[in-house]
**Student:** 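Here you go, one structure.
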Number of protein chains: 2
Amino acid sequence: MARKTKAEAAATREALLDAAEDIFLEKGVARTSLEQIARHAGMTRGAVYWHFKNKCDLFQAMLLRVRMPFEELAEEANNSGLANDPLSAIREACRQGFSRLEQPRYQRVHAILIHHCEVFGDIDPLAMQNEIAEETLVALTGYFAHAADMGLLRQGLSSEIAAGLFQSMLGGLFHDWLRNHQRFSLIERGTALVDAQLSLMRA
Amino acid sequence: MARKTKAEAAATREALLDAAEDIFLEKGVARTSLEQIARHAGMTRGAVYWHFKNKCDLFQAMLLRVRMPFEELAEEANNSGLANDPLSAIREACRQGFSRLEQPRYQRVHAILIHHCEVFGDIDPLAMQNEIAEETLVALTGYFAHAADMGLLRQGLSSEIAAGLFQSMLGGLFHDWLRNHQRFSLIERGTALVDAQLSLMRA
DNA sequence: AAGAATACATACACGAGTGTATGGAAAGTG
DNA sequence: CACTTTCCATACACTCGTGTATGTATTCTT
């Protein structure tokens, strides 16, 4: 085969990553070969080994195309100027995260990470999930503590328990939705649950 | 090798399943070979292929040694004579499930099912999780509807939303705990969260 | 415009894992 | 006490996937 222009080469690289998303999601990471990925992108294994060192490298490249939603959730919660209303800040951060995850690429990659890959090379999805969960819990605890100081929380509800309840609820919702996203809309059901939970927690 | 007595043969079968639990949990299902399982049990692959048809059959046999806690959770919640207090019935059913899952074998097998195996042969772990989640949601909806009829729920809180919140919270808690169970006690944290959530929901 | 680098396709060697076939010694069975 | 069956080890053939080496037409460089 002949050499292609730089733009074409970049396009085949993206096509390989797209194909990897498709087949990883369908068959799981461990059960898919580089041959299957290449064929699904209309290429051969030669293209894969030119653009990526091996399967693990390709997997990492696939992850780099999306950012973790919870990280952005924490970021955007900090950036939102609602520091005087921490509970509303939590709500808006959740809605931001929901709409991010509804984008097909985000949804597919996260579904692969959480439900379709095992420990794999030097990538440990469970460790990544643990980090994300811990970050989320810390961020939520801060916001609920702030809310408690302002007297916004129902009496008898500590900020630690509130943060734990909220984080578990969010995690369960994400797992449910990623398992089969066509059953319900994440934004609709997510905001309904978030609003209900915050309403229960408000003084 | 020589033939062993029936009891000894059954013991080696259990030893093979124990070894499978260990290595599946450590390395993931896809990355473990039958050779590794056999060696970890002090046997060879001949023993594995005598007791099981293949890897998928061994996996199913491993699953059969534990039963789904949610099914039994619902059963025992029905059997408990707390029909006049649905919220307390939910609490007790959850505590039953927590103590079940704290048993090492239950914890290990469920951690494997949820976090350490992909789609695999004719076994689809995600489908199993979907079934369990659906059953749980239906059961919870029934109990919360009963509670709503009795006026036990806070006004403005529908039984569907209450069930959704509770199921997501339970699911998130399970995923968190199964990811690394040494971080906290499921019974302690679980009952704390369940009590807090039910307290928020009570009228 | 000529050499060098690029972007793949093709071909090959290699190991790892699987499934099966065979062997054999002890346990059950009558 | 023969005789069959059981329980497992060993050995072999086979497939699948990987990694690398090589070829090659084209694009980029100067």
Side-chain angles (χ1 to χ4, degrees), chain A residues 1-62 112 116-123, chain B residues 1-20 22-24 26-62 112 116-123:
Chain A
M1 261 306 171
R3 180 188 179 190
K4 301 187 181 172
T5 167
K6 281 186 293 184
E8 287 174 324
T12 62
R13 186 191 139 98
E14 296 299 307
L16 288 173
L17 292 176
D18 289 342
E21 284 185 14
D22 279 348
I23 310 190
F24 282 164
L25 190 60
E26 181 189 347
K27 303 199 163 190
V29 176
R31 313 282 287 187
T32 71
S33 64
L34 298 182
E35 173 81 20
Q36 295 172 15
I37 294 174
R39 293 287 267 242
H40 193 260
M43 303 275 143
T44 70
R45 256 171 60 249
V48 176
Y49 277 101
W50 170 256
H51 285 284
F52 311 99
K53 184 181 176 184
N54 50 27
K55 192 177 178 179
C56 188
D57 188 39
L58 185 148
F59 188 80
Q60 287 178 322
M62 189 192 75
I112 291 170
H116 294 273
C117 79
E118 309 172 355
V119 190
F120 167 54
D122 51 349
I123 295 180
Chain B
M1 261 308 171
R3 179 186 180 191
K4 301 187 178 171
T5 166
K6 281 185 293 181
E8 284 174 325
T12 63
R13 186 192 141 97
E14 296 298 308
L16 288 174
L17 292 176
D18 289 342
D22 279 349
I23 309 191
F24 282 163
E26 180 188 348
K27 303 200 163 190
V29 175
R31 313 283 287 185
T32 69
S33 65
L34 298 181
E35 174 81 22
Q36 295 173 16
I37 294 174
R39 293 288 267 242
H40 193 259
M43 303 277 141
T44 70
R45 254 171 60 249
V48 175
Y49 276 101
W50 171 256
H51 285 284
F52 310 99
K53 183 181 177 184
N54 50 27
K55 192 177 178 180
C56 189
D57 187 41
L58 184 147
F59 189 80
Q60 287 179 322
M62 189 192 74
I112 291 170
H116 295 272
C117 77
E118 310 172 356
V119 189
F120 167 54
D122 51 348
I123 296 181

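Order of the sequence lines sets the chain letters (A, B, ...), proteins ahead of strands, with each chain counted from 1.
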**Student:** Nearest to the side chain of B:Trp50, heavy atoms from C-beta on, is which of D:dT6, C:dA7, C:dG28?
**Tutor:** D:dT6
**Student:** Return the set of residues passing salt bridge (Lys or Arg N to Asp or Glu O under 4.0 Å) with B:Glu14 (not counting sequence neighbours), or none when no residue passes.
**Tutor:** B:Arg65
**Student:** For nucleotides 13-18 of chain D, which of its nitrogen or oxygen atoms have a protein nitrogen or oxygen under 3.5 Å away, and what is each distance?
**Tutor:**
residue	atom	partner	partner atom	Å
D:dT18	OP2	A:Leu34	N	3.2

**Student:** Does any part of the side chain of B:Val48, heavy atoms only, come nearer than 4.5 Å to the side chain of B:Met43, both counted from C-beta?
**Tutor:** no
**Student:** Roughly how many Å is it from CZ in A:Phe52 to C1' in C:dC8, rounded to a whole number?
**Tutor:** 13 Å
**Student:** Check DNA chain D against residues 11-25 of chain A and give the residues with a non-hydrogen atom under 4.0 Å, in numerical order.
**Tutor:** none
**Student:** Atom CG of A:Leu58 and atom P of D:dG19: how far apart are they, to the nearest Å?
**Tutor:** 12 Å
**Student:** Does B:Ala61 have any side chain to side chain contact (heavy atoms under 4.5 Å, CB included) partners at least two apart in sequence or in another chain, and if so, which?
**Tutor:** B:Arg13, B:Leu17, B:Phe52
**Student:** Report yes if at least one side-chain N or O of A:Thr5 is closer than 4.0 Å to OP1 or OP2 of D:dC28; otherwise report no.
**Tutor:** yes
**Student:** Could I get the full list of side-chain hydrogen bond (donor to acceptor under 3.5 Å, both in side chains) partners for B:Thr32, not counting sequence neighbours?
**Tutor:** none
**Student:** Keeping to residues at least two apart or across chains, list the salt bridge (Lys or Arg N to Asp or Glu O under 4.0 Å) pairs with something in residues 44-61 of chain A.
**Tutor:** none
**Student:** Residues in side-chain hydrogen bond (donor to acceptor under 3.5 Å, both in side chains) with B:Gln60, at least two apart?
**Tutor:** none
**Student:** Rounding to a whole Å, what distance do you find between A:Glu8:CD and C:dC8:P?
**Tutor:** 8 Å
**Student:** Identify, with sequence neighbours excluded, every residue that meets side-chain hydrogen bond (donor to acceptor under 3.5 Å, both in side chains) alongside B:His51.
**Tutor:** B:Thr12
**Student:** My understanding is that only residues two or more places apart in sequence, or in another chain, count here; which of them pass side chain to side chain contact (heavy atoms under 4.5 Å, CB included) with B:Ser33?
**Tutor:** B:Glu35, B:Gln36
**Student:** For the pair made of NE2 in B:His51 and C1' in D:dA9, what is the distance, rounded to whole Å?
**Tutor:** 13 Å
**Student:** For B:Ile37 and D:dC8, give me the distance from atom CD1 to atom P, rounded to whole Å.
**Tutor:** 16 Å
